[in-house]
Amino acid sequence: APLAACPAGAPRLEIEGAQGAWLMLPELGVSLPFPQVLSSLQDAWSVSRLRVMVLAGAADVTPMQALLNATKLPASASIVAAVASANPESKALALARSAGVKDIVLGGGRFHDEAGAGGAGGAVGSAEQEIAAADFSAQLDKDMEELQADLLVILDDVEPALLTQAFLQRRVGKVMFVHASLLPAFPGPSPVEAALAAGVCITGCTVSFAVPRAKGSLYGPQIAQESAQILAGDTAAALRQRIVAESEAQALPRALQLVASGAVTLRQDGDGYSVVRWAAFSEDSTAARP
């Protein structure tokens, strides 16, 4: 039966058992879970999805699969158009290929040495590093233009110092960065090791806007955070795996949906930045869940 608007004052219609029902869409040649169909119909932003490029490093443990899964849901306001990495052997690139998503080896692999995991927290380095950053950012910008990417998501195993001021300024509000700690705690290049050394019980991840560097850091206003427990006897590898699985795999898709749907935007306030969370949206109404 066709869907129609409910007249004002009419009794509310409730459909029992809809959570387990599937809706046939013969015109599209598909069938979908009924709750996902309703979410898509209610979300005006999902009609035209924003195209996202994900920039990944070399880590074997990555939230890439969670992001691919979330953006394939009908209610998602974005789609992963490509995954890029300086490392030809990147696990994220392999996951992209398996999912039928375009994979890009930046510069044909010539940036491999400069783009190692464990960033410098946005600190400006030597003249050679600045030249390398300008080259890397120019190539990234070129690939994004060719892809017509609307947003860039940078995973936590990418060297953040490779993004220049000019690149970040040109794409203010369009670049998101994942950091493996609950900022402002442990903002440096090795947040997992720093959390273990500090003896804290809780850490996690932060998804923030990346902004032109202020006081040596590109971490801008926060979009989402998710915590992870530190267990007795944890190694850096074990803790990082838990952060990715329990924190990044949850926070990153949620943050991307909030930004892509327009629920969260970045506003420039004088020399600084702040996040605007629009009251017309909520995390529940914009969520794209498996």
Side-chain angles (χ1 to χ4, degrees), residues 39-40 42-56 62-84 92 101 122 140-141 143-145 147-156 158 160 163 167-180 182-183 204-212 214 217-226 244 247-269 272-290:
S39 296
S40 297
Q42 292 169 352
D43 184 8
W45 296 89
S46 66
V47 175
S48 178
R49 299 185 180 189
L50 296 189
R51 294 170 60 81
V52 178
M53 176 186 279
V54 180
L55 179 59
T62 172
M64 192 66 246
Q65 191 61 57
L67 196 58
L68 290 168
N69 292 345
T71 53
K72 285 185 177 180
L73 294 176
S76 175
S78 64
I79 185 170
V80 176
V83 178
V101 173
L140 182 60
D141 196 51
D143 288 334
M144 289 188 67
E145 288 295 329
L147 190 68
Q148 296 183 316
D150 302 294
L151 296 173
L152 176 66
V153 174
I154 305 172
L155 302 188
D156 72 353
V158 174
L163 301 178
F167 177 88
L168 293 172
Q169 187 65 58
R170 199 160 46 244
R171 298 184 181 275
V172 167
K174 305 297 182 182
V175 181
M176 300 162 58
F177 196 90
V178 187
H179 185 73
L182 296 174
L183 292 172
C205 77
T206 302
V207 185
S208 65
F209 284 107
V211 298
S217 175
L218 57 71
Y219 305 132
Q222 298 174 8
I223 305 166
Q225 288 187 314
E226 194 73 34
V244 170
S247 301
E248 294 186 5
Q250 298 295 322
L252 184 54
R254 184 169 76 246
L256 177 57
Q257 180 73 356
L258 288 169
V259 174
S261 67
V264 169
T265 59
L266 184 68
R267 178 176 62 193
Q268 186 164 6
D269 300 317
Y273 299 89
S274 63
V275 159
V276 177
R277 299 180 185 270
W278 297 98
F281 296 87
S282 69
E283 291 197 19
D284 289 337
S285 65
T286 61
R289 298 185 179 90

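On a predicted model such as this, the values are computed, not experimentally measured, just so you know.
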Where the side chain of R171 meets the backbone of D150, is there a donor-acceptor pair that is under 3.5 Å apart? no
Do I154 and L163 make a side-chain contact, defined as non-hydrogen atoms from C-beta onward lying under 4.5 Å apart? yes
Check L68 against T71 and note the closest heavy-atom contact, atom names and distance. O-OG1, 3.2 Å
Would you say L266 and V211 make side-chain contact, with heavy atoms under 4.5 Å? yes
In the structure I gave you, are the side-chain heavy atoms of L155 and L252 within less than 4.5 Å of one another anywhere? yes
Pair M144, L147 - check side chain to side chain contact (heavy atoms under 4.5 Å, CB included), show working. CA-CA 5 Å; M144 289 188 67; L147 190 68; 5.7 Å; no
How long is the straight-line distance from NZ of K174 back to CG of L50, given to the nearest 0.5 Å? 7.0 Å
Report yes or no: does T206 contribute a side-chain atom to a donor-acceptor pair with the main-chain N or O of L183 at less than 3.5 Å? yes
Pairing residues for R51 by the side-chain hydrogen bond (donor to acceptor under 3.5 Å, both in side chains) criterion, not counting sequence neighbours: none
Side-chain donor or acceptor of Q257 paired with backbone N/O of A77 under 3.5 Å: yes
M53 and its side-chain contact (heavy atoms from CB on, under 4.5 Å) partner, picked from V153, V83, L140: L140
If you round to the nearest 0.5 Å, how far is CD of Q250 from CD of Q225? 15.0 Å
